[in-house]
Chemist: 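Sharing a structure, written as structure tokens. Questions coming.
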2 protein chains.
Amino acid sequence: MTTSPPTAEAAAVPSRRELNKAATRQAITDAALGLLRAKGPGNFTAEDIAEAAGISRRTFFNYFSSTDAALASIVHGFLDIAIQQLRLRPADEPMLESAQAALMALADPKAVAPLAELFTLTQQSPLMSHTELEAWDHCRAQVFAVARERVAGNRGEQDDLYIHALAGSVISCGKAAMEVWFSRRGPDLSPASLADLRQLLIDAMALLGAGFNGPQLKSTPRSPVSTGSATPTDSRSS
Amino acid sequence: MTTSPPTAEAAAVPSRRELNKAATRQAITDAALGLLRAKGPGNFTAEDIAEAAGISRRTFFNYFSSTDAALASIVHGFLDIAIQQLRLRPADEPMLESAQAALMALADPKAVAPLAELFTLTQQSPLMSHTELEAWDHCRAQVFAVARERVAGNRGEQDDLYIHALAGSVISCGKAAMEVWFSRRGPDLSPASLADLRQLLIDAMALLGAGFNGPQLKSTPRSPVSTGSATPTDSRSS
DNA sequence: TGCAAACTTGCACGTAGTGTAAAAGCGTGA
DNA sequence: TCACGCTTTTACACTACGTGCAAGTTTGCA
């Protein structure tokens, strides 16, 4: 078994180089998060991260274009989970349902834990905004791509507005749910808190699907209002 | 006319200092835009801008935190027009209608001209993304503030999600309309093009109000579809 | 084993952004 | 008109960022 030939699927057996790169990348983000914990946002340099990760400053910049980017990779990893799930949904499913289903994967301790910590650590200062906004926008672009694939071939001209607006709104609502959840529960990752997050994500998508009619939601945090007819909650994927 | 006393309304007669500051600020953005025209994005430094504006490098940084920020002030000025209009709308009007009405002010040559040029000049390169995203997010925060004022006093707890999601979606849809318009018409500021923009903004809000039902809009660019029935015009908000 | 490609590293360079203190400009009252 | 405070501009110095480059080192493969 001397390294299976890279015939078609190269993702199967990662070569030594790829493993090293992945390990280094991980070491950098770990070091960055550690320094964030220890010194607080904005109180450490790229050189500090490199030193903590056991690499040179120059190598750090080979992996990330800035210290912010190193931390934002956590956000990227988080959002990629949702995108990954979104791509698995059937193409004929309504986008909002697909989005809601994909977002459910985010209410998982493994997924949110790094993000929750990052968020609580950077909450007090707007030093994160730059790259974090870009991460969300990158996710928006992914949703846009998925949405366009689904409508592709039809006309692809008149639907531009629809796709752009839909992708942006879905992201905004997902972001809104995350923000409300963070502001409510802080770093709480208990099952009850995660259930709350799940409900917020469902409610946010329901608001979007209902065109924001009615100035306020009447549902208490746990009430089964939202999904009733619109959402595909029946999939016992838990 | 020896400088009317600054009794209560100080905005009436701007002092010499304020005029100077405003002029300097304007000179900087003009210089930045000029350099962008001449050299292209990313091919000039903060010192270049300062020199072109007739000030020192240090003074430039007293006004803007980066070269991007100087250019993004154009975006800020553009979006502030909409926010200004939004605050003038009656408080009992449904948010989506207020938003649509406010957005109409953007389809004005005076307002969009700087933005259109900025956009065409930076379109080819992602060098703008950083600060431009922040400008839109700042606008989102303003919309959020307006929305919260309208619902204030009721409960202000359960509606957090509603307000966050609404503000974000409104911005996303406005942004989508602008993007589609730019990609369609480029720097075209003709009346027909502006009418197209107006229609796109209306359609975007209509999509939002209709919960993105129906995978695609059937309306041709000029058809009077939008406001007629699709929008959440049932004013008596539940 | 040896070669080619990929990766890391140190060095140097220009630029970004900020603190500080002196200089210039502005407002005001005598 | 002048002199006194406050604000703004400016020059200088300094740290950190981000990148090009030319070595050195590791990995893949024959």
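The chains referred to below are lettered A, B, ... by the order of the sequence lines, with proteins before strands, and numbering in each begins at 1. Atom set for the values below is all heavy atoms of this structure, side chains included, hydrogens, waters and symmetry mates excluded.
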Chemist: Quick one: label Y63(A) by what it contacts on the DNA or RNA (base, sugar-phosphate, nothing), any heavy atom closer than 4.0 Å.
Modeler: sugar-phosphate
Chemist: Using a cut-off of 4.0 Å on non-hydrogen atoms, how would the nucleic acid contact of T59(B) be classed: base, sugar-phosphate, or nothing?
Modeler: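 Counting heavy atoms under 4.0 Å across all strands, the contact made by T59(B) includes a base.
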Chemist: Just compare dT8(C), dT26(D), dG27(C) and give me whichever is closest to any side-chain atom of S15(B).
Modeler: dG27(C)
Chemist: Are a donor atom and an acceptor atom from the side chains of D188(A) and S190(A) found within less than 3.5 Å of each other?
Modeler: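 There is such a pair between these side chains.
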Chemist: When you measure from the side-chain N and O atoms of N20(A) to the phosphate of dC7(C), is any distance below 4.0 Å, counting only OP1 and OP2?
Modeler: no
Chemist: What's N62(B) touching, base or sugar-phosphate or nothing? Going by heavy atoms closer than 4.0 Å.
Modeler: base
Chemist: With no hydrogens and no angle check, just 3.5 Å: does a side-chain donor-acceptor pair link S172(B) and S172(A)?
Modeler: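 Indeed, the side chains of S172(B) and S172(A) share at least one donor-acceptor pair under 3.5 Å.
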Chemist: Could one point to a donor on the side chain of R57(A) or the base of dC11(C) with an acceptor on the other under 3.5 Å away?
Modeler: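 Result: no qualifying N/O pair found.
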Chemist: Is the CD atom of E51(A) crowded by more than 12 outside heavy atoms at less than 6.0 Å?
Modeler: no
Chemist: Let's see if you can work this out: which of dA11(D), dG27(C), dT8(C) has an atom nearest to the side-chain heavy atoms of R16(B)?
Modeler: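 For R16(B), the side-chain atoms sit closest to dG27(C).
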Chemist: Start at the 5' end of DNA chain D and walk down; is the nucleotide closest to S56(B) or to R17(B) reached first?
Modeler: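 Going by which nucleotide is closer to the 5' end, it is R17(B).
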Chemist: Can you tell me which nucleotide in dG10(C), dG17(C), dG27(C) comes closest to the side chain of R58(A)?
Modeler: dG10(C)
